[in-house]
Each structure stands twice: as structure tokens, then as C-alpha cells.
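What follows is a short report on a single structure.
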Amino acid sequence: MNVAEKYTDAELIRAVQEEKNLNRAILFIYQQYALSTSSFIIHYGASEQDAEDVFQETVISFIDIVKKGKYRMEASIKTFLVSVARNIWFNELKKRERSGHREKLYEHDRDQKEDDISFKISDLEKKRQLRDLVHQLGDPCKKILMLFYYDDLSMKEIVEHLPYENEQVVRNKKYKCLQSLTGLIKNNPEIARQISELVK
Amino acid sequence: MEQHQTLVDHLDKSLQGEGSSEMEQLISNDPETAREWNYLLLAVDAIQEAGLQEQVAAVKQEWKLQQMVATRPSGGVVRRISRNLVKVAAILVVVGGGAVFYKYATISSGSLYDRYYSSYELNTSRGAGDADAMEKAYHARDWNAVLASFSQSKRDNKTDFLAGMADMELKKYDDAIEHFEQVIAINAQAGSDYFMDEAQYYLAISWLAKDKVNEALPILEKIRANKEHLFHDKVTHMSFLDLRLVQFKESR
């Protein structure tokens, strides 16, 4: 696997928005920014594994922000990624309840632009919780739901990918899996509370 | 139950006309339906988040593999190959043969590609139904027609793979690589293996065509280590000595 072409910032944003060769765009992000961003995070006390996890979250967050049209090209992608990674890492430190000293340093250092980024990734923890619920479903349900709702495959195409007899069987299975997932979400008190507030 | 099913149909955009607008009204007016609707939307968000996470994680693994290849201590390999080369040179001097020198001078990724590339024979029984336009074009070896069909058909692993093969036949190796990587990425994400072995083998061969033996070798080694792989026998008959020789030569 390699990257034949280089992306400018604008081309990279377009590739992510249009989801054209998204794997190549992600690989390019890794090739260009993973090491420098990780070094930065390691400088703030992360282990190599922490830095790897933080960068993965950073890439997911970046793609999410771009896809939703919330990315404004006020800074270079490199600067943006570093800022997002720094926010994720300090949130992680906060979660681990050992961030007091470092966070004070961070709060002192950060500039105005990062307030915006903090806002954008403020629901990151919620997203993580939601992803964990999907992983709790077990492989058969996870696969069928991802093929339909993420890969956008039709029932007919899913029959070709998975060992189900026909489209109706897939449709029934997908319905049950979606019910299981909403069941798991309903059992999460924090999410249930937010939904109730939303529909008051 | 029935209403919930209708709500899911609305979510999947499979309700038509009045059914859809009735459901929208119900969501606006009935708090219980609105609550269920929000849970469904959240569930879809969760699935899409998890999907993106898996896609990024899969590419990260590819990147880490690249990193390992790039940072593998080349000194050991070079020293080992160098020692072999000294021995080979000594034998050459003794026997006075020039064949190995000739081989070293002429061997390249491209020459290995010529040696190992063979067209893929499409088994029609593998298709999901009657041979479609793309399959027919493939059997007719009309590569441009295969690519034209690809652009008009619903994309899946099979169409991507056949388009990749057509690109290979037309010597458009970058495009071929893109198609094969797409097949591998989709399988990695879905946990399936539809056209996986084929895509892996021809991805490696495509890299050889592009004189990128460093990209091809890890894939071929993986195939050689997997006895269940469709192309295992084919790969075990390849000369890894030649591949290493090319790697050495092209790294100089």
C-alpha cells in the first residue's frame, strides 16, 4: 500500500468530503501527520500506545468534522490535527484524574482557536460510548448493521457478503439487530436522559 | 411492533409517498414516537461512528506495516545478501560463468511481473446470478467495456476486482491497485473474504509491475504463509531469492 499522489490541504478536505478513495486519504494523513502529532502528544506525557490511540481518535474526529461540513480552513490541517489531538489527550488525562498540573499548564498555553476545537470534540466521549455499544452487539449484528448503514449496501448485496439465505432473512435480522442496539442505548441512563430532554 | 417496523422503514427511506409524510407528522406530534425516532437516529450515528473507527483502524494497520518495512534494519539484509553475493561472485570466478551476472543485470520487478502475471480466469459460477454486462465483457476480454460497465454498475467487491483486472490488462496499474485495495479494505471492515485472496495476489503483482518490490513482498510472504490461500501454491512456486535480489538491487 502506498500513496501515489500527494494531497494539498484543499484536496484532502475534498477527498474526505466526497469519500472518494477515503482509505488513501486516511493513509496520507497517517503518513504525513501521525509521527509529528504523536511526538507532540508524547511531549505532554503520553506513552507511545497512548499517542497511537489519540491519533486514531484525532483522525476519526477530523473526518467526522469534515464530513459534517464543520471544518473551516482557518488553520492548516497539520495545525488543526495537533490541536484536536492535544484536546483529546488532555481530556483523557482529565478522565484519568491525574491531569491537574498538566491541565493548568495547558489551560495557560492554549490559544483562542482551540476553544472552537474543544467545542467540536466536546461530544467525543459520548461518541466513544455509542461505539462501545455497537461493539457489544456481537459480530453478526455488527456486520449486518455496518454493511447497511455504513457501507450503504443493499439487502441483495448483503446476501452476497454474509451467510444468509435471502433478502428477507437479512431484513429480519437487521431489524432485530437494530432493536438490540436501541435497547442498549436506552439502558444507558445518561443518553436516555438527553433523549427525554430533547423530546420534552 | 408494526409501528416500530414502519418507523425503521422510514429511517431506511423505504416508505413511499403518503406513508413517509404521515410518519413525519407522527414524529412531530407524538412524543413517544419522537423518542423512538431519536433512539433510532442515535443508533445509526453509533453504527456510522463504529464503521469509521474500524476503517481508520484498518488503514492504521496498513500504515504500521509500511512503517515496519521501511524501518526494518536493512543492514542485516544487506550484509546477508552481500555475503551471498560474494560467494556467488567467487563461484562465478571459479566456473567462469556469466549467467548470474546477466541475471542480476537484467532482473527487475518488471521482469518478475512478466514472469508471474497471468490473466485471471473468471469462473461464471462465482457470479450471483446470470452473467451481467461486466462479466460478458470480461469473458470477451474487452477491457474498456469492463471498465465502462464498472462505472455504470453498483459497486461491490466483484466489480472492483474485475475493474482492477481490466486496468491491469490495460497497464493502468495505479488504478488497478486502487480497486484491489478497495476490495481488501471492504473485506477488512466487514470481516468477509469476498474476492479477498484474488485481490491480495493481484495487488502484489500490480506492485511488481510498478517496480515496487518492497510493497509486493510483504503481501506475497503473507500468502506463502497461509496454506488456505487460493494463490498459496502459485506463490510458493515463485522464486523468493529473485524477489530478494530485486529488492536488494532496487534499494541501491
Side-chain angles (χ1 to χ4, degrees), chain A residues 1-2 4-5 21-27 29-31 34-35 52 55-57 59-60 63-64 67 127-135 139 142-143 145-151 153-154 156-157 159-162 174-175 178-179 181-186 191-192 194-196 198-200, chain B residues 4-5 8 11-12 27 31-40 42-60 62-67 128 154-158 174 177-178 181-182 184-187 189-194 203 207 210 212 214-215 218-219:
Chain A
M1 205 168 180
N2 207 341
E5 75 269 47
N21 298 325
L22 186 56
N23 280 346
R24 276 186 175 257
I26 297 170
L27 184 62
I29 293 170
Y30 265 93
Q31 288 177 327
L35 295 180
E52 191 181 298
F55 191 71
Q56 183 176 321
E57 285 297 331
V59 176
I60 293 169
I63 292 171
D64 214 25
K67 273 185 181 175
K127 285 179 178 173
R128 267 193 207 166
Q129 284 177 10
L130 284 172
R131 285 195 316 237
D132 289 345
L133 295 180
V134 177
H135 294 306
D139 269 352
K142 203 172 77 176
K143 275 179 197 166
L145 291 175
M146 280 194 187
L147 287 173
F148 189 81
Y149 289 109
Y150 185 71
D151 295 315
L153 296 190
S154 66
K156 189 180 171 197
E157 288 164 323
V159 173
E160 289 177 16
H161 279 81
L162 299 177
K174 192 216 84 180
Y175 179 72
L178 194 58
Q179 271 192 319
L181 180 58
T182 49
L184 288 171
I185 295 172
K186 284 174 188 173
I191 295 173
Q194 288 179 18
I195 293 277
S196 293
L198 202 67
V199 295
K200 260 179 190 172
Chain B
H4 192 262
Q5 174 71 62
V8 173
L11 178 78
D12 295 348
I27 292 166
E32 190 51 41
T33 310
R35 186 173 288 112
E36 279 305 315
W37 177 246
N38 278 304
Y39 276 121
L40 286 173
L42 208 53
V44 172
D45 270 354
I47 296 159
Q48 290 178 340
E49 283 290 330
L52 179 58
Q53 181 198 27
E54 292 202 352
Q55 187 172 7
V56 171
V59 176
K60 182 179 78 176
E62 290 292 335
W63 173 74
K64 285 173 79 173
L65 189 67
Q66 273 189 358
Q67 291 285 107
K154 181 86 180 168
R155 193 168 183 176
D156 64 16
N157 285 2
K158 183 176 180 179
D174 283 328
I177 287 166
E178 209 168 282
E181 285 181 344
Q182 172 73 8
I184 292 167
I186 290 286
N187 279 324
Q189 195 181 311
S192 54
D193 59 0
Y194 193 45
L203 176 61
W207 282 125
K210 280 183 59 70
K212 301 270 187 187
N214 276 328
E215 305 291 341
I219 305 170

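All values derive from a computational prediction rather than experimental measurement.
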Counting only non-hydrogen atoms closer than 4.5 Å, does A:Phe55 touch chain B with its backbone (N, CA, C, O), its side chain (CB onward), both, or neither?
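No part of it gets close to chain B.
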Counting only non-hydrogen atoms closer than 4.5 Å, does A:Leu133 touch chain B with its backbone (N, CA, C, O), its side chain (CB onward), both, or neither?
neither
Of all residues at least two apart in sequence or in a different chain, which pass the salt bridge (Lys or Arg N to Asp or Glu O under 4.0 Å) check with A:Asp64?
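A:Lys68, A:Lys127.
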Identify whether the distance between the nearest side-chain nitrogen and carboxylate oxygen of A:Arg24 and B:Glu181 falls below 4.0 Å.
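Judged by the 4.0 Å cut-off on N to carboxylate O distance, A:Arg24 and B:Glu181 do form a salt bridge.
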Going by an N to O cut-off under 4.0 Å, is there a salt bridge joining B:Lys158 and A:Glu157?
no
List the atom pairs, with distances to 0.1 Å, where a side-chain N or O of residues 43-54 of chain B and a protein N or O form a donor-acceptor pair under 3.5 Å, not counting sequence neighbours.
residue : atom : partner  : partner atom : Å
B:Gln48 : NE2  : A:Tyr149 : O            : 3.1
B:Gln53 : OE1  : A:His135 : NE2          : 2.8
B:Glu54 : OE2  : A:Lys142 : NZ           : 3.1

Go through it in stages, so that I can follow the logic: the residues are A:Lys186 and B:Glu36, the test is side-chain contact (heavy atoms from CB on, under 4.5 Å), and I'd like the CA-CA distance, side-chain angles, deciding distance and then a yes or no.
CA-CA 10 Å; A:Lys186 284 174 188 173; B:Glu36 279 305 315; 2.7 Å; yes
Set out, in order, the CA-CA distance, both residues' side-chain angles and the distance that settles side-chain contact (heavy atoms from CB on, under 4.5 Å) for B:Val56 and A:Glu57, then state yes or no.
CA-CA 9 Å; B:Val56 171; A:Glu57 285 297 331; over 6 Å; no
Heavy-atom pair of closest approach, residues B:His4 and A:Tyr175
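Closest heavy-atom pair between B:His4 and A:Tyr175: ND1-OH, 2.8 Å.
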With a 4.5 Å heavy-atom cut-off, do [X] and [Y] have their side chains touching?
X       : Y        : answer
B:Tyr39 : A:Leu181 : no
B:Gln66 : A:Leu27  : yes
B:Trp63 : A:Ile26  : no

Using distance alone, with no hydrogens and no angle criterion, decide if B:Gln55 and A:Asn23 have a side-chain donor and acceptor under 3.5 Å apart.
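Checked: B:Gln55/A:Asn23 side chains pair up, N/O donor to acceptor below 3.5 Å.
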Rounded to the nearest 0.5 Å, what separates atom CD in B:Gln5 from atom CG in A:Leu178?
10.0 Å
For B:Leu65, is it the side chain, the backbone, both, or neither that has a heavy atom closer than 4.5 Å to a heavy atom of chain A?
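Contact with chain A involves no heavy atom of B:Leu65 at all.
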Less than 4.5 Å to any heavy atom of chain A: does that hold for the side chain of B:Ala58, its backbone, both, or neither?
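No part of it gets close to chain A.
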Check against side-chain contact (heavy atoms from CB on, under 4.5 Å), A:Lys156 and B:Lys154:
CA-CA 11 Å; A:Lys156 189 180 171 197; B:Lys154 181 86 180 168; over 6 Å; no
